Amino acid sequence: MRLSSAPTERRALVLGGSSEARTLATRIAADPRLDGVISLAGRTSAPLAHDLPTRVGGFGGVEGMMRYLVEARISHVIDATHPFAARISANARAACAAVGAPLLVLTRPPWSPGRGDRWIKVESNADAAHALGAAPRRVFLAIGRQGVADFRLAPQHDYILRVIEPPRAEDLPPSCAVIFGRGPFALEDEIALMRDQGVETIVTKNSGGALAYAKIEAARTLGLDVVMIARPASAAAATTHSVDAALAFLAS
Ligand code: NAP
């Protein structure tokens, strides 16, 4: 299955679930040369509104995405998913290659440790649980609800998990308070939260970007350890950190 001929109009599929995807959607909607659809996985029950027509739910693997690209007459694909959403990104690479649709990855640069940061770098949630050590600690989990079950491997710690959607009770470690919040978070609020809760260690994914950075600054200010989970490895693909570059790609 391939695009039979390049669609004449510019019709983008934006794979979403990130703030960059929302910004790009707004810019596409405002550009009379461009047309597009944004795709969300459907993980959050009240997703933020987007300025482009929105489709929700999985495509049905690589084959399903290939079918969608052809049927919806998509000319270009921008993978603006979260840097830890590895499966959809791999599927996009395979589907675009199969149908001959140009693909660009729009992502944020990862964070790097600065002066005063006390990072312990790990490769996975399970490694993060191990890196917390044997002695019980008060741990703030900023990893979303999907990976929390891995921290059942380290039940001696006292956790606070911050999420947008409720986690499954069976995924939680034995001592785990759940708090709800959607960024951006202000630095002074993050400092107050960590202080009030007696947090000793923060566990986070290296998502990058400004919206979620305040907890890293709060850790620096308070001298807390940060267990930093590295991004999953991915096959090489054309990548940009710039919404302007993504728009230029669509207009090319
Ligand atoms: P994932 O493991 O890479 O993808 C699992 C499956 O979910 C995919 O195979 C696909 O189903 C479906 N899917 C994922 N993103 C989709 C999208 N934008 N549109 C349509 N279907 C999508 O993804 P994930 O880590 O669960 O993340 C799900 C969504 O949440 C993504 O859109 C991501 O940007 C966002 N998000 C993820 C994280 C994170 O830490 N992982 C954090 C913040 C936001 P089919 O195979 O059926 O197509």
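Below, all heavy atoms of this structure are taken into account, side chains as well, without hydrogens, waters or symmetry copies. Counting starts at 1 for both ligands and their atoms, following the listed order. Treat the numbers as computed from the prediction; the structure is a model and nothing was measured.
- Annotation: atom 47 (O) of ligand 1 to nearest protein heavy atom, Gly60 N, 2.9 Å.
- Using a 4.0 angstrom heavy-atom cutoff, Ala86 counts as in contact with ligand 1.
- At the shortest separation from atom 11 (O) of ligand 1 among protein heavy atoms lies Gly58 CA, 3.5 Å.
- Per-residue contacts place Gly61 under 4.0 angstrom from the following atoms of ligand 1 (heavy atoms of the residue considered): 45 (P), 46 (O), 47 (O), 48 (O).
- Using a 4.0 Å heavy-atom cutoff, Ala21 is absent from the residues neighbouring ligand 1.
- If you look at Leu40 next to ligand 1, the close heavy atoms, those under 4.0 Å, all belong to the backbone.
- When only interatomic distances are considered, the shortest N/O to N/O separation between Gln146 and ligand 1 falls below 3.5 Å.
- In this structure, Arg87 places its CZ atom where only 12 or fewer heavy-atom neighbours from other residues, nucleotides or ligands lie under 6.0 Å away.
- Between the side chain of Thr54 and the main chain of Leu52, a donor-acceptor pair closer than 3.5 Å is present.
- Compare Ala90, Ala41, Ala80 by their heavy atoms: the one nearest to atom 13 (N) of ligand 1 is in Ala41.
- Listed by number with element, the atoms of ligand 1 under 4.0 Å from a non-hydrogen atom of Gly17 are 32 (O), 34 (O), 35 (C), 36 (N), 44 (C).
- Polar contact with ligand 1: absent for Ser89 (N/O pair, distance under 3.5 Å).
- Listed for the Arg162 side chain is no donor-acceptor partner under 3.5 Å among the backbone atoms of Phe140.
- For Glu190 (side chain) and Ala219 (main-chain N/O), no donor-acceptor pair under 3.5 Å exists by modelled atom type.
- Per-residue contacts place Lys205 under 4.0 angstrom from the following atoms of ligand 1 (heavy atoms of the residue considered): 39 (C), 40 (O), 41 (N).
- Distances between N or O atoms of Phe59 and those of ligand 1 include at least one value under 3.5 Å.
- In terms of protein heavy-atom proximity, atom 10 (C) of ligand 1 is closest to Ile88 CD1, 3.8 Å.
- The Gly57 neighbourhood of ligand 1 comprises atoms 20 (C), 21 (N), with distances under 4.0 Å to a heavy atom of that residue.
- Contacts between Arg55 and ligand 1, counted as non-hydrogen atom pairs separated by less than 4.0 Å, involve the side chain only.
- Taking both residues in full, the closest heavy atoms of Arg93 and Ala236 are given as CD-O, 3.9 Å, listed atom of the first, atom of the second, then distance.
- Against a heavy-atom cut-off of under 4.0 Å, Asn91 is close to the following atoms of ligand 1: 9 (O), 46 (O).
- Contact between Arg43 and ligand 1 is present, with at least one heavy atom of the residue lying under 4.0 Å from the ligand.
- Put simply, the side chain of Arg11 never gets that close to the backbone of Leu34: no donor and acceptor are under 3.5 Å apart.
- Among all heavy-atom pairs drawn from Leu250 and Arg10, the shortest one is O-CD, 2.8 Å.
- Across all their heavy atoms, Ala230 and Glu123 have their closest contact at CB-OE1, 4.1 Å.
- Closest to atom 34 (O) of ligand 1 among all protein heavy atoms lies His82 N, 2.8 Å.
- Near Ser39, the atoms of ligand 1 lying under 4.0 angstrom from a non-hydrogen atom of the residue are 17 (C), 18 (N), 19 (N), 20 (C).
- Ring pair Phe151/His157: centre-to-centre distance not below 6.0 Å.
- Gly16 O, 3.9 Å is the protein heavy atom nearest to atom 31 (C) of ligand 1.
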Quiz: residues 39-49 side-chain donor-acceptor pairs under 3.5 angstrom, not counting sequence neighbours:
{"unit_1": "Ser39", "atom_1": "OG", "unit_2": "Arg55", "atom_2": "NH1", "d": "2.7"}
{"unit_1": "Ser45", "atom_1": "OG", "unit_2": "Glu165", "atom_2": "OE1", "d": "3.2"}
{"unit_1": "Ser45", "atom_1": "OG", "unit_2": "Glu165", "atom_2": "OE2", "d": "3.0"}

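- For the pair Glu200 (side chain) and Arg138 (backbone), a donor-acceptor distance under 3.5 Å is present.
- Checked for salt-bridge contact, Asp225 and Arg137 meet the test: a charged N lies under 4.0 Å from a carboxylate O.
- Other residues, nucleotides and ligands contribute only 12 or fewer heavy atoms inside 6.0 Å of the CZ atom of Arg195.
- Heavy atoms of Gly64 come nearer than 4.0 angstrom to ligand 1 in no pair at all.
- Relative orientation of the Tyr213 and Trp111 rings is tilted, given thresholds of 30° and 60° on the angle between their planes.
- The shortest N or O to N or O distance between Arg87 and ligand 1 is below 3.5 Å.
- For atom 25 (O) of ligand 1, the closest non-hydrogen atom of the protein is Ala85 CA, 3.5 Å.
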